[in-house]
Visitor: 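Pasting a structure below so you can have a look.
Values below: every heavy atom of this structure, side chains too, minus hydrogens, waters and symmetry copies.
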Amino acid sequence: MRIALAQVNCRVGDIVGNAGLLLREAHKAQAEGADLLITPELALSGYPPEDLLLRDDFLAVCDAQLQRLAGAAPLPVLVGHPQRVEQRLYNSASLLRDGRVESTYHKHCLPNYDVFDEMRYFTPGTRPLVFACAGLRCGVVVCEDVWWGPAVAQAAQAEGAEILLILNASPYHVGKQRQREDAIAGVLARQLHLPMVYVNLVGGQDELVFDGQSFAVDHDGLVVLRSVPCREDLAFLDIHKEAAALRLVPGQAPAPLLDEVEEVYQVLRLGVRDYTEKNGFSGVVLGLSGGVDSALTLSVAVDALGPERVHALIMPSRYTAAMSVEDAQEEARRLGVRTDVVSIENLFTTYLDTLAPIFAGLPADTTEENLQARIRAALLMAYSNKFGHLLLTTGNKSEIAVGYATLYGDMAGGFAIIKDCPKTLVYRLARYRNGIAPVIPERVLTRAPSAELAPNQRDQDSLPPYEILDAIIAAYVEHDRSAAEIIAQGFAAETVTRVLRLIDRAEYKRRQAAPGVRISPRAFGKDRRYPITNGYTP
């Protein structure tokens with residue numbers, strides 16, 4: 001038997017387009033002699049369709065395109081799709097064969113944590129599905145069915161399954177692929193002595209990025225096939241029945257697991273490319289300050305879209321160092337990006353003069369600093385409106401966590417590439433990119449970071465060193481540690497108390513922030529839902 005694994009990039013809601021994509025993959029698979037094509041979870045609708053699933057017309061189009069695909073598929077196809085049966089909605093996988101929908105499996109285990117909200121929409125299934133194809137009995141499960149213990153897989157095995165086919169829409173976070181392979185290859189396959197084929201979605205969907213990396217393991221849990229990360233792939237697996245067990249022969253060598261920083265960079269690139277293209281933007285624009293955050297954002301955007309689709313505004317004020325303008329211009333030159341230098345000094349002076357009677361007798365403070373960021377945001381939004389470019393914000397997770405960002409200023413925009421990257425990771429990503437080609441001037445990576453909104457300003461005048469800050473943020477935000485637990489790890493009590501207070505107070509800002517690529521187990525997005533009005537002290 002030859003199985004084809006379709007690691008495809010589907011668009012949520014583009015049901016007709018997704019059906020066409022799957023049909024094209026089916027023809028390619030047939031041309032290569034495949035007996036069966038496996039597609040990802042909810043490939044027909046895209047994942048996650050969220051409240052589109054509450055629309056009758058949406059479900060009707062899904063049903064119609066499922067029938068269209070069944071009638072046109074040149075070989076058996078296992079496709080993920082939503083299905084309503086007697087007013088109950090299921091996350092389903094159907095076997096399409098001989099021009100019809102032959103049988104359907106309903107996902108048993110519905111995740112309702114982190115970014116998942118499937119219990120809002122779906123009813124859990126209860127029955128296994130095992131079907132014969134090319135002399136082999138194949139069991140079907142969907143994603144979470146293999147994460148919640150062996151019961152669902154055991155039920156398929158009890159029905160005679162000789163191999164398990166797993167349809168997935170598993171979003172990325174750092175270390176996720178190793179978790180998948182450890183759980184499936186290292187535990188489940190060995191425990192059941194059952195080969196498994198895991199097909200994952202690829203592509204960006206709002207803040208989620210699906211990294212692909214589909215794989216297959218033999219009955220001993222050995223990974224024999226792994227698809228490339230962050231791009232579409234049609235992989236093939238030949239399965240031979242032998243006396244003792246099935247022998248799996250891949251059509252290609254397993255793609256290597258990537259270093260963490262390289263993997264994150266690829267995910268960021270895929271996330272911004274798909275957000276830009278799937279939402280119909282002709283290009284992107286950002287403010288280039290000469291700092292490391294905007295430098296990394298520019299590099300990722302150029303690698304994702306090409307320099308001709310990226311534009312940068314350099315907007316100095318009276319506090320901007322000459323070296324910042326020089327470094328910004330040099331990076332843009334190295335990447336081939338067109339820039340415009342637009343001084344905000346006259347506008348800033350006008351604002352100060354206009355407000356002077358109201359602010360008479362009051363000392364300058366963050367009010368005047370924030371004015372500069374908001375002037376820049378207005379200019380960037382004007383460019384975005386005039387040319388139809390997506391405005392990229394350049395703030396990192398460290399800043400967004402503690403509110404070291406200006407609402408309606410540097411937070412204003414449509415997409416935040418590095419929103420989930422702490423400052424320490426930003427530097428690692430920048431050095432990784434420079435290892436490919438030195439596009440970011442070295443001075444950007446070695447000078448002390450500064451917002452340059454006041455004379456001689458440095459980030460660490462207001463914040464702890466980023467190594468300490470990022471560790472506290474990770475403990476509190478990603479691992480739900482209390483102040484006492486974080487202090488017990490060796491951090492100063494005063495620092496912990498201050499950082500946690502800043503994080504909690506900045507919740508109202510984060511509610512108004514642009515979406516951005518999720519790369520951690522818990523980002524500031526749909527997987528962390530804290531109240532703005534909050535009297536609890538951790």
Side-chain angles (χ1 to χ4, degrees), residues 287 289-297 317 319-321 324 364-374 376 393-412 416-431 443-479 481-483 485-487 489-510 512-513 516 519-520 522-524 528 530 537-538:
S289 69
V292 66
D293 297 318
S294 64
L296 177 62
T297 301
S317 77
Y319 304 122
T320 304
S324 297
D365 55 18
T366 55
T367 304
E368 287 75 13
E369 294 183 21
N370 290 339
L371 280 175
Q372 298 164 76
R374 289 172 178 143
R376 290 179 173 125
T393 69
T394 60
N396 61 64
K397 189 172 190 174
S398 307
E399 297 168 348
I400 293 169
V402 297
Y404 196 73
T406 303
L407 196 60
Y408 321 122
D410 56 307
M411 292 179 67
I417 298 179
I418 60 171
K419 178 181 180 179
D420 199 29
C421 298
K423 188 78 165 190
T424 48
L425 177 58
V426 168
Y427 279 103
R428 292 169 64 199
L429 288 163
R431 291 208 173 276
R443 187 165 57 182
V444 174
L445 303 177
T446 56
R447 62 186 291 213
S450 170
E452 294 192 315
L453 297 176
N456 303 312
Q457 186 180 56
R458 298 291 182 269
D459 289 4
Q460 290 181 3
D461 296 339
S462 307
L463 301 174
Y466 279 113
E467 293 78 8
I468 294 173
L469 178 64
D470 289 350
I472 295 173
I473 292 170
Y476 184 57
V477 173
E478 297 176 18
H479 303 293
R481 299 290 184 261
S482 68
E485 289 172 314
I486 299 172
I487 293 167
Q489 294 176 9
F491 297 100
E494 180 182 351
T495 300
V496 171
T497 300
R498 181 163 68 94
V499 169
L500 268 55
R501 184 169 61 248
L502 289 171
I503 293 172
D504 290 343
R505 288 179 60 188
E507 184 61 37
Y508 78 100
K509 287 187 177 183
R510 291 190 292 269
Q512 301 177 70
I519 61 101
S520 73
R522 182 175 292 173
F524 290 122
R528 188 180 189 270
Y530 269 57
T537 301

Visitor: Nearest 0.5 Å, what's the CG-CD1 distance between Asp293 and Ile418?
Guide: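 Atom-to-atom, Asp293:CG and Ile418:CD1 are 4.0 Å apart.
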Visitor: So which atom in Val444 and which in Gly290 form the shortest heavy-atom distance, rounded to 0.1 Å?
Guide: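 Scanning both residues, the minimum pair turns out to be CG2-O, 3.6 Å.
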Visitor: Which heavy atom of Pro538 sits nearest to which heavy atom of Ala483, and what is that distance?
Guide: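 Nearest pair, atom of Pro538 first, then Ala483: O-CB, 3.6 Å.
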Visitor: Got Ile486 and Leu500 here, is their nearest side-chain heavy-atom distance under 4.5 Å?
Guide: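 Sidechains of Leu500 and Ile486: in contact.
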Visitor: Crowded around Arg505 CZ? As in, over 12 foreign heavy atoms under 6.0 Å?
Guide: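 No, because the 6.0 Å sphere around CZ of Arg505 holds 12 heavy atoms or fewer from other groups.
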Visitor: Would you say the side-chain atoms of Thr406 pair up with the backbone N or O of Ala373, donor to acceptor, closer than 3.5 Å?
Guide: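 Answer holds: no.
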Visitor: In Å and rounded to the nearest 0.5 Å, what is the OG1 to CG distance from Thr497 to Leu502?
Guide: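 So the gap between those two atoms works out to 11.0 Å.
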Visitor: Measuring from atom CZ of Arg528 to atom CZ of Arg510, what distance do you get when rounded to the nearest 0.5 angstrom?
Guide: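 Those atoms lie 5.5 Å apart.
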Visitor: Over all heavy atoms of both residues, which pair between Val477 and Arg522 is shortest? Give the atoms and the distance, please.
Guide: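 So the minimum-distance heavy-atom pair works out to O-CD, 3.0 Å.
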Visitor: Between Glu369 and Tyr319, is a side-chain hydrogen bond (donor to acceptor under 3.5 Å, both in side chains) present by the stated rule, with each step listed?
Guide: CA-CA 10 Å; Glu369 294 183 21; Tyr319 304 122; over 6 Å; no
Visitor: Quick one: CG on Leu469 to NZ on Lys397, what's the gap to the nearest 0.5 Å?
Guide: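 Those atoms lie 11.5 Å apart.
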Visitor: Report the residues that fulfil salt bridge (Lys or Arg N to Asp or Glu O under 4.0 Å) with Lys419, sequence neighbours left out, ordered by chain and then residue number.
Guide: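 Lys419: no salt bridge (Lys or Arg N to Asp or Glu O under 4.0 Å) contacts found.
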Visitor: Only pairs at least two apart or in different chains count here, so list each salt bridge (Lys or Arg N to Asp or Glu O under 4.0 Å) that has a residue in residues 465-475.
Guide: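 Qualifying pairs: none.
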Visitor: At their closest point, which heavy atom of Met411 faces which heavy atom of Ala513, and how far apart are they?
Guide: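 The pair with the smallest heavy-atom distance is CE-CB, 3.7 Å.
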Visitor: For Ser324, does its backbone N or O pair with a side-chain atom of Arg443 as donor and acceptor, under 3.5 Å?
Guide: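 Answer holds: no.
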Visitor: If you define the side chain from C-beta out and look only at heavy atoms, does anything of Lys423 sit under 4.5 Å from Val292?
Guide: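 A side-chain contact exists here, since the closest heavy-atom pair is under 4.5 Å.
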Visitor: Does a side-chain heavy-atom distance below 4.5 Å link Cys421 with Leu429?
Guide: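 Heavy-atom side-chain distance check passes, below 4.5 Å.
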Visitor: Would you find a donor on one side and an acceptor on the other, under 3.5 Å apart, between the side chain of Thr320 and the backbone of Ser317?
Guide: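 It does hold such a pair.
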Visitor: I want to check something: taking the side chain as every heavy atom from C-beta on, are Val496 and Tyr476 in contact at a cut-off of under 4.5 Å?
Guide: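 Of all side-chain heavy-atom pairs linking Tyr476 with Val496, none is under 4.5 Å.
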Visitor: Is the closest side-chain donor-acceptor distance between Asn396 and Tyr427 under 3.5 Å?
Guide: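 No donor-acceptor contact under 3.5 Å links the two side chains.
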Visitor: How long is the span from the OG1 atom in Thr367 to the CZ atom in Arg374, to the nearest 0.5 Å?
Guide: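 If I round to the nearest 0.5 Å, the distance is 8.5 Å.
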Visitor: For atom CD of Gln512, decide whether the heavy atoms of other residues, nucleotides or ligands shown that lie under 6.0 angstrom number more than 12.
Guide: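 Count over threshold, so yes.
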Visitor: Do side-chain atoms of Asp420 reach the backbone of Ser520 as a donor and acceptor pair under 3.5 angstrom?
Guide: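 Flag set: sc Asp420 to bb Ser520 pair under 3.5 Å.
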Visitor: Flag the pair Ser398 / Leu463 as yes when at least one side-chain heavy-atom distance between them is below 4.5 Å, and no otherwise.
Guide: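 No, too far: nothing below the 4.5 Å cut-off.
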Visitor: Closer than 3.5 angstrom, by distance alone: can the side chain of Arg481 be matched with the main-chain N or O of Ile472 as a donor-acceptor pair?
Guide: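 Absent.
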Visitor: So, taking the atom named CG in Asp410 and the one named CD in Gln372, what distance separates them when rounded to the nearest 0.5 Å?
Guide: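 Separation between the atoms: 11.5 Å.
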Visitor: For the backbone of Ala475 and the side chain of Glu478, can you confirm whether one donor and one acceptor N or O come within less than 3.5 Å of each other?
Guide: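 It does not hold such a pair.
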Visitor: Looking just at side-chain N and O atoms, do Thr297 and Thr394 make a donor-acceptor pair shorter than 3.5 Å?
Guide: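 No, Thr394 and Thr297 have no side-chain donor paired with an acceptor closer than 3.5 Å.
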Visitor: Between Ala412 and Thr393, what is the shortest heavy-atom contact and its length?
Guide: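 Closest approach of Ala412 to Thr393: O-CG2, 3.1 Å.
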Visitor: Where do Ile473 and Ala401 come nearest, in terms of heavy atoms and distance?
Guide: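 In terms of heavy atoms, the two residues are closest at CD1-CB, 3.6 Å.
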